[in-house]
S.K.: 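The structure is given below, and queries will be raised subsequently.
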Amino acid sequence: MAIIAQLSDIHLAVGRDGEVDDGSGPVRSLRAAVSSLLALPARPDAVVLTGDLADGGRPAEYARLHALLSPLPMAVYPLPGNHDDRDALRHAFRDHPAVADSGGPGAPVQYAVDVAGTRLVCCDTTIPGSAAGELDVERLAWLDATLAERPGVPTVIAMHHPPYPIGIRFIDDMSMTGTEGLAEILKRHRQVVRVIGGHVHRSTVGSLAGTVCTTTSSTYRQLFLDLTRPGRAALTGEPAGFAIHRIEGESAVTHFVPTGNYRPLMEVD
């Protein structure tokens, strides 16, 4: 059995003073998420970061991120979002062999790792300079070949852009192309038990080719839920959070966890 935690849309900035902890909202929020994660009765086997880790893609932002994640005793696997810079992210996490070996300058940051009997495949859906995403021919081919390597191992695919419509105009205007190709890949590789993403700043559940797909809350700010057209593009004060994915064989369960120290109130029979 594997337990994989997912943190997303952290949006760390450089900060006014250049220090690791300047008391800013994203810093406080990430510290709270890390504390909440470490307080869980069953600690995750790994943590995956599904993009928009830095707000401006600056090296100092990734250095701050790396330092703030240092209390985590388990492996941390990052992938980029539309706010990130591939090379700056790859350099900051060069102590992670899978990240360091994920490609040369400008190449997508994508790789596969084993986590307690589950395979985690991190797929880069970003387009440099664009808020939208894509799975182009090359990345679809990489994903297909990567999944073909271990057909008998339950697999989680992590990416930034979700491969299904959210219904919020602001987010769907920045959606991902290439989902048709992804659907064909999922039909061929039935060991994929989850496709997980970020980008939405909300917890959502959808599906593609019969595979359950989810996004998780931002560790910082949540997007206002407006399903009207054209709808408002706004942030809201809803609680920050993260996701916990429990994979055991062909069974996968996702828990959405609000950030905070929520202790048991009473024992139940």
Side-chain angles (χ1 to χ4, degrees), residues 3-11 26 29-30 33 36-37 44 47-53 77-84 120-126 131-135 143 155-180 182-183 185-186 192-247 251-260:
I3 299 176
I4 300 174
Q6 178 192 2
L7 306 182
S8 196
D9 299 277
I10 298 167
H11 286 279
S29 298
L30 180 57
S36 299
L37 194 156
V47 177
V48 60
L49 311 176
T50 49
D52 281 2
L53 314 181
Y77 298 110
L79 60 88
N82 51 282
H83 277 256
D84 291 305
L120 174 65
V121 177
C122 294
C123 191
D124 188 336
T125 60
T126 62
E134 71 173 352
L135 285 173
L143 180 60
T155 298
V156 174
I157 298 175
M159 57 183 62
H160 182 64
H161 298 82
Y164 56 95
I166 300 300
I168 300 174
R169 187 271 309 169
F170 173 61
I171 290 295
D172 288 340
D173 285 350
M174 302 184 293
S175 62
M176 179 178 70
T177 61
T179 54
E180 299 87 353
L182 176 59
I185 288 173
L186 293 175
V192 178
V193 296
R194 275 290 183 279
V195 177
I196 63 175
H199 192 54
V200 182
H201 289 238
R202 297 195 65 84
S203 298
T204 71
V205 180
S207 65
L208 182 69
T211 301
V212 175
C213 306
T214 64
T215 66
T216 191
S217 302
S218 165
T219 60
Y220 181 38
R221 295 291 191 194
Q222 312 316 309
L223 189 66
F224 180 60
L225 180 58
D226 186 347
L227 302 178
T228 66
R229 295 289 176 173
R232 295 180 60 188
L235 297 174
T236 183
E238 292 180 31
F242 53 93
I244 297 291
H245 306 281
R246 180 186 183 273
I247 300 95
S251 173
V253 176
T254 296
H255 298 266
F256 299 112
V257 185
T259 297

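Below, all heavy atoms of this structure are taken into account, side chains as well, without hydrogens, waters or symmetry copies.
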S.K.: Can you find a heavy atom in the side chain of Thr236 that is under 4.5 Å from one in the side chain of Leu225?
M.R.: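 When only atoms from C-beta onward are counted, Leu225 and Thr236 do not touch, as no gap falls below 4.5 Å.
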
S.K.: As an exercise, state the distance from OG of Ser8 to CG of Leu53, rounded to the nearest 0.5 Å.
M.R.: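 Reported value, rounded in 0.5 Å steps: 7.5 Å.
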
S.K.: Check this for me: Phe256, atom CZ, are more than 12 non-hydrogen atoms of other residues, nucleotides or ligands nearer than 6.0 Å?
M.R.: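 For Phe256, atom CZ is crowded (more than 12 foreign heavy atoms under 6.0 Å).
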
S.K.: For Thr216 and Ala243, indicate whether the former's side chain and the latter's backbone hold a donor-acceptor pair under 3.5 Å.
M.R.: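 Between the backbone of Ala243 and the side chain of Thr216 there is a qualifying donor-acceptor contact (under 3.5 Å).
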
S.K.: Hey, could you give me the CZ/CZ distance between Arg232 and Phe170, rounded to the nearest 0.5 Å?
M.R.: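 Interatomic distance, Arg232 CZ to Phe170 CZ, rounded to 0.5 Å: 12.5 Å.
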
S.K.: Please check if the side chain of Thr215 supplies one atom and the backbone of Thr204 the other of a donor-acceptor pair under 3.5 Å.
M.R.: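 Present.
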
S.K.: Run the numbers on Arg202 and Ile171 for side chain to side chain contact (heavy atoms under 4.5 Å, CB included), then give the verdict.
M.R.: CA-CA 11 Å; Arg202 297 195 65 84; Ile171 290 295; over 6 Å; no

S.K.: If you compare all heavy atoms of Leu79 against all heavy atoms of His160, which two are closest, and at what distance to 0.1 Å?
M.R.: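 Smallest interatomic distance, heavy atoms only, reads CD1-N, 3.7 Å.
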
S.K.: Any luck finding a side-chain donor-acceptor pair between Thr219 and Ser29 under 3.5 Å?
M.R.: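 No.
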
S.K.: Nearest 0.5 Å, what's the CD1-OG distance between Ile168 and Ser175?
M.R.: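 The OG atom of Ser175 is 13.0 Å from CD1 of Ile168, to the nearest 0.5 Å.
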
S.K.: Among Thr50, Asp9, Asn82, Asp52, which one satisfies side-chain hydrogen bond (donor to acceptor under 3.5 Å, both in side chains) with His199?
M.R.: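 Only match with His199 under side-chain hydrogen bond (donor to acceptor under 3.5 Å, both in side chains): Asn82.
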
S.K.: What distance separates Ser218 OG from Leu7 CG, expressed to the nearest 0.5 Å?
M.R.: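 These two atoms lie 10.0 Å from each other.
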
S.K.: Does some side-chain heavy atom of Cys123 sit less than 4.5 Å from a side-chain heavy atom of Leu135?
M.R.: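 Answer yes - side chains close enough.
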
S.K.: Of the non-hydrogen atoms in Phe242 and Gln6, which two are nearest, and what is the gap between them?
M.R.: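 The pair with the smallest heavy-atom distance is CB-O, 3.2 Å.
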
S.K.: For the CG atom of Asp84 and the NE2 atom of His11, what is their distance to the nearest 0.5 Å?
M.R.: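 If I round to the nearest 0.5 Å, the distance is 8.5 Å.
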
S.K.: Please name the pair of heavy atoms, one in Ala33 and one in Thr259, separated by the smallest distance, quoted to 0.1 Å.
M.R.: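 Taking Ala33 first and Thr259 second, the nearest heavy atoms are N-CG2, 3.7 Å.
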
S.K.: Would you mind telling me which of Leu120, Ile4, Val156 makes a side-chain contact (heavy atoms from CB on, under 4.5 Å) with Arg194?
M.R.: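 Looking at Leu120, Ile4, Val156, the match for Arg194 under the side-chain contact (heavy atoms from CB on, under 4.5 Å) is Val156.
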
S.K.: Using 0.5 Å steps for rounding, measure from the CZ atom of Arg169 to the CZ atom of Arg229.
M.R.: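 Nearest 0.5 Å value for the CZ-CZ distance: 8.0 Å.
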
S.K.: How about Leu143 and Leu182: do any of their side-chain heavy atoms sit closer than 4.5 Å?
M.R.: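 In short, these two side chains touch, coming nearer than 4.5 Å.
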
S.K.: Which pair of heavy atoms, one from Pro80 and one from Thr126, lies closest together, and at what distance?
M.R.: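 Taking Pro80 first and Thr126 second, the nearest heavy atoms are O-CG2, 3.4 Å.
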
S.K.: Any heavy-atom pair between the side chains of Val212 and Ser207 that's under 4.5 Å?
M.R.: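 They are not in side-chain contact.
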
S.K.: Can you tell me which residue among Leu186, Val195, Val192 is in a side-chain contact (heavy atoms from CB on, under 4.5 Å) with Leu208?
M.R.: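 Exactly one candidate clears the test, Leu186.
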
S.K.: Could you go through the side chain to side chain contact (heavy atoms under 4.5 Å, CB included) check for Val205 and Tyr164 one step at a time?
M.R.: CA-CA 9 Å; Val205 180; Tyr164 56 95; 5.7 Å; no

S.K.: Gln222 and Ala240: which non-hydrogen atoms are nearest, and at how many Å?
M.R.: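 Closest heavy-atom pair between Gln222 and Ala240: NE2-CA, 3.3 Å.
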
S.K.: Evaluate the criterion side chain to side chain contact (heavy atoms under 4.5 Å, CB included) for residue pair Ile157 and Ile196; output intermediate values, then yes/no.
M.R.: CA-CA 6 Å; Ile157 298 175; Ile196 63 175; over 6 Å; no

S.K.: Which heavy atom of Thr214 sits nearest a heavy atom of His245, and at what distance?
M.R.: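 Looks like OG1-CE1, 3.7 Å.
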
